[in-house]
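I have placed the structure first, in the form of structure tokens, so that the comments after it can refer back to it.
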Amino acid sequence: MSKTGQQLADDNTDSGGDDRDLDHIYRDEAPWLVRYFRRRLGNVEDAQDMTQETMLRYMRAPPTTRVTTPQAYLRRIASNLLINRSEHSSTKLAQHSVPLLEGLDIETDFDQHRELASREELAEWEAILHELTPRTLEVFLLSRVDGFTYKEIAKRLGMTTFGVNKHMVKAIAHINRSRRGK
């Protein structure tokens, strides 16, 4: 459940700042942050959680950090949270994934219904992936099929890791929207 700026300030008494300023910043920036995260993550609950985390990190900034434009600082925190989430999700997925070739040598009885369903699902996935731009598709396949890290993809394609992450976020958001629309 999402908290207000005052509740977050109460939870973090070490902030050293004026609670009214934090509440004001929260009221002004939280709606934008929720919209920002919702567009990128696709659901309100995650967007609210990420907004709360952004505000907590803002309040926990060391007193030596001078923040002259809170909005810009919050946007940088939000952007970094998305990057961290994306990299963590990619790693987590890789840990739980099974190589495609594993299990292909197991003999089973032919099931035409399963074969037809598999072909239809493959066609759906191909259609979804081919809606991506060529560069985004290339980045996505290098990451998810070939298992390259973002740094390796960046080096291979002459891009920055931020650029690779941007393409991955676009690909994943597109896939989520397409699969949800089924």
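One finds the CG atom of Asn43 at 8.5 Å from the CZ atom of Arg38 (value rounded to the nearest 0.5 Å). Between Tyr150 atom OH and Met168 atom CE the span is 4.0 Å, to the nearest 0.5 Å. The CD atom of Glu53 sits 10.0 Å away from atom CG of Asn84, with the distance rounded to the nearest 0.5 Å. Atom CZ of Arg76 is separated from atom OG1 of Thr69 by 11.5 Å, given to the nearest 0.5 angstrom. Atoms CD and CD, from Gln52 and Gln48 in turn, are 9.0 Å apart once rounded to the nearest 0.5 Å. The line from CZ of Arg40 to OG of Ser79 is 8.5 Å long, rounded to the nearest 0.5 Å.
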*Assess whether side chain to side chain contact (heavy atoms under 4.5 Å, CB included) is satisfied between Arg75 and Trp32, documenting all intermediate values.*
CA-CA 10 Å; Arg75 283 165 174 74; Trp32 179 87; 3.4 Å; yes
*Verify side chain to side chain contact (heavy atoms under 4.5 Å, CB included) between Asn80 and Ile77, making sure each step is shown before the conclusion.*
CA-CA 5 Å; Asn80 289 343; Ile77 293 170; 5.8 Å; no
*Going through the checks in order, is the side chain to side chain contact (heavy atoms under 4.5 Å, CB included) test met by Ile25 and Met55?*
CA-CA 9 Å; Ile25 291 169; Met55 295 305 296; 4.1 Å; yes
*Take Phe140 and Ile175 through the side chain to side chain contact (heavy atoms under 4.5 Å, CB included) test and state the conclusion after the steps.*
CA-CA 11 Å; Phe140 179 79; Ile175 290 167; 3.5 Å; yes
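Hydrophobic clustering (ILVMFWY, side-chain heavy atoms < 4.5 Å, transitive): Leu132 and Val164 are in one cluster. Hydrophobic clustering (side-chain heavy atoms under 4.5 Å, transitive across Ile, Leu, Val, Met, Phe, Trp, Tyr) groups Tyr73 together with Leu82. Cluster annotation: Leu137 is connected to Ile153 through the hydrophobic network of ILVMFWY side chains, with a link wherever side-chain heavy atoms come within less than 4.5 Å. Linking Ile, Leu, Val, Met, Phe, Trp and Tyr residues whenever their side-chain heavy atoms come within less than 4.5 Å places Tyr58 and Leu56 in a single cluster. Placement of Val34 and Tyr26 in two distinct hydrophobic clusters is found when ILVMFWY residues are connected by side-chain heavy-atom separations under 4.5 Å, directly or transitively.
Annotation for Leu33 and Ala78: closest pair CD2-CB, 3.8 Å, computed over non-hydrogen atoms. Smallest separation of non-hydrogen atoms from Ala154 and Thr161: CB-N, 3.8 Å. Of all the heavy atoms in Met50 and Leu41, the pair that sits closest is CG-CD1, 3.7 Å.
For the pair Asp146 (side chain) and Phe148 (backbone), a donor-acceptor distance under 3.5 Å is absent. The backbone N or O of Ile128 sits less than 3.5 Å from a side-chain atom of His174, completing a donor-acceptor pair. When atom types are taken as modelled, the side chain of Arg156 and the backbone of Glu152 share no donor-acceptor pair closer than 3.5 angstrom.
Looking at Thr160 and Lys166, their side chains never come closer than 4.5 Å, going by heavy atoms from C-beta outward. The closest side-chain heavy-atom distance from Arg135 to Met159 is below 4.5 Å. Using a 4.5 Å heavy-atom cutoff, the side chains of Leu157 and Leu142 are in contact. A 4.5 Å side-chain heavy-atom check between Arg144 and Ile172 finds at least one atom pair inside the cut-off.
Annotation for Arg119: atom CZ does not count as buried by contact number, only 12 or fewer foreign heavy atoms lying within 6.0 Å.
No donor-acceptor contact under 3.5 angstrom links the side chains of Thr54 and Thr51, judged on distance only.
Between Asp46 and Arg85, at least one side-chain nitrogen of the basic residue sits less than 4.0 Å from a carboxylate oxygen of the acidic one, meeting the salt-bridge criterion.
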